[in-house]
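One structure is given here, and the rest of the page talks about it.
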Amino acid sequence: MDRRTDVTVEELLRRHAPQVLGALVRRYGHFDQAEDSVQEALIAAAGQWPRDGVPDNPRGWLIRVASRRLTDRLRSDEARRRREETAAALTPADAFVAPPPGEDPSGTGRAPSEDDTLTLLFLCCHPALSPAAQIALTLRAVGGLTTAEIARAHLVPEATMAQRISRAKRTLRGTRFRRPDAEDRDRRLAAVLQVLYLIFNEGYTATAGPDLHRTDLAREAIRLTRAVRRLLPHEGRVTGLLALMVLTEARAPARTGPDGELVPLDAQDRALWDRTAIAEGTALAEEALAQGPAGDYQLQAAVAALHDEAERPEDTDWPQILALYDLIVRRTPDPAAALGRAVAVAMVDGPRAGLAAVDALTGTVEPRFRLDAVRGHLLERAGEPAAARAAYRSAADGTLSEPEARYLRRRADRLDP
């Protein structure tokens, strides 16, 4: 046994979780029961490894334990029990996670365990599932989070999250464990990246609750996106999304003050930004743009890089940012991008022009409070304190995030006569 820290144990479990699940599903099928068995193995490891030490072959240990749990679940009669337990006992653990020497059944040059991670992501983001179910199942099956951890992250009762995950697994019952066909691959990869982006956004700016930033979710999204990029290193959308996440997360240390209050971008202490992450994200953004036609993630990463490269707020290249947003909104009807463009318009052409752009978005941006917050900021800059105060208060009443609500109310109170 190799004794390591609890943090390392947690990292090991999350890294191996999708590989172990993929090995079982590839071998036995039965995604729903295999996933439950893997969770039981992870719980057993979390309790045993910190006490007894990490096994020399952690993935093999998890596969053996999960396989035993799964065969117990699957047996319906004595003959089936003997057949499945014999198969599990006679199959070396390494046969689940690596091909025989000289053999590469996937044709990718990678072991099945690596390919299984991406296949699992495609399965968890199946179009038959709702976005909420896709996110929950991805965090559990690929991220290795427990149902309780996912429930806490989304501020819902554990029983509610358990029902959501159970319904998702029932929906996928009978679905083959394989990559999507070539003609369906682009659409399914887009769904995977959208789910990872939604997980990151919820981590970076929590939509509800007492905390502005949920570090665990943001970092988990980055970790999973790095895993996808290792499997698809030449896919510009993947590289662009990773660049966008890294560049955005680099500003996280300066987003909150000593008491957890929100600090807007133009008031942040940029000395607190993570310059190592900015350098990595900028290099990734450049690489993403060179990997093919620029898509939304590549263009948004370029916007993030322009923000991060400015040493002072007044150094920000707003004309270039506006040009990038013009490209984004022409490509896709994304209300969030359109709202970002309205801010860029205000910075280039003045607050009145920005207000006109914001007014054109009325009824299209959800949640509504984000539109009101931007409108309040631009009205304040335009010299209309009463209207700005009303917009800030409307925004504060509309958000479920306590730090955002406090910030917006302070802005409104500051404008009281």
Side-chain angles (χ1 to χ4, degrees), residues 1-75 84-85 88-89 93 96-97 113 116-117 120-121 123-124 133 135-170 172-173 177 199 214-217 219-221 223-224 227:
M1 289 283 188
D2 176 18
R3 296 188 177 276
R4 310 180 193 187
T5 65
D6 291 349
V7 173
T8 303
V9 167
E10 182 179 348
E11 292 172 350
L12 279 170
L13 294 178
R14 290 196 175 177
R15 182 168 74 242
H16 291 311
Q19 300 169 359
V20 174
L21 178 56
L24 263 66
V25 177
R26 178 160 42 82
R27 174 82 179 171
Y28 298 110
H30 304 281
F31 171 81
D32 52 344
Q33 297 186 65
E35 200 277 330
D36 288 337
S37 300
V38 171
Q39 285 293 320
E40 291 177 6
L42 293 173
I43 292 170
Q48 182 174 331
W49 291 2
R51 182 185 68 245
D52 300 337
V54 176
D56 294 332
N57 182 1
R59 188 164 56 197
W61 188 99
L62 290 167
I63 287 173
R64 284 193 296 274
V65 173
S67 296
R68 293 192 198 107
R69 303 293 174 93
L70 181 57
T71 53
D72 286 343
R73 288 175 181 274
L74 293 178
R75 65 190 183 193
E84 291 174 344
E85 288 190 343
F96 287 97
V97 297
S113 60
D116 286 347
T117 298
L120 270 176
L121 275 167
L123 185 61
C124 293
I135 290 172
L137 200 57
T138 297
L139 287 172
R140 174 159 162 139
V142 188
L145 276 67
T146 65
T147 302
E149 289 173 326
I150 301 169
R152 284 197 299 271
H154 289 84
L155 301 180
V156 300
E158 184 176 350
T160 300
M161 185 57 66
Q163 291 175 354
R164 184 180 300 172
I165 293 172
S166 294
R167 285 195 299 268
K169 291 193 289 186
R170 283 197 300 271
L172 295 180
R173 188 171 295 163
F177 185 72
I199 293 171
R214 294 177 189 162
T215 305
D216 54 344
L217 277 183
R219 289 180 178 173
E220 184 62 21
R223 186 185 73 82
L224 292 175

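Heavy atoms only: backbone and side chains are in, while hydrogens, waters and symmetry mates are out.
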Would a 4.5 Å heavy-atom cut-off, applied to side chains only, mark [X] and [Y] as touching?
X      : Y      : value
Leu42  : Val20  : no
Tyr28  : Thr71  : yes
Leu21  : Gln19  : no
Val38  : Leu62  : no
Arg140 : Thr147 : yes
Asp36  : Gln39  : no

Which heavy atom in [X] sits nearest to a heavy atom in [Y], and how many Å separate them?
X      : Y      : answer
Gly22  : Leu120 : N-CD1, 3.8 Å
Ala141 : Phe31  : CB-CZ, 4.2 Å
Gly143 : Glu220 : CA-OE2, 3.1 Å
Ala136 : Ile150 : O-CD1, 3.6 Å
Met161 : Ala151 : CB-CB, 3.8 Å
Ile199 : Ala221 : CG2-CB, 3.9 Å

Show the numbers, then the answer: is there a side-chain contact (heavy atoms from CB on, under 4.5 Å) between Leu217 and Leu139?
CA-CA 9 Å; Leu217 277 183; Leu139 287 172; 3.9 Å; yes

More than 12 heavy atoms of other groups within 6.0 Å of Arg219 CZ
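It does not: Arg219 CZ has 12 such atoms or fewer within range.
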
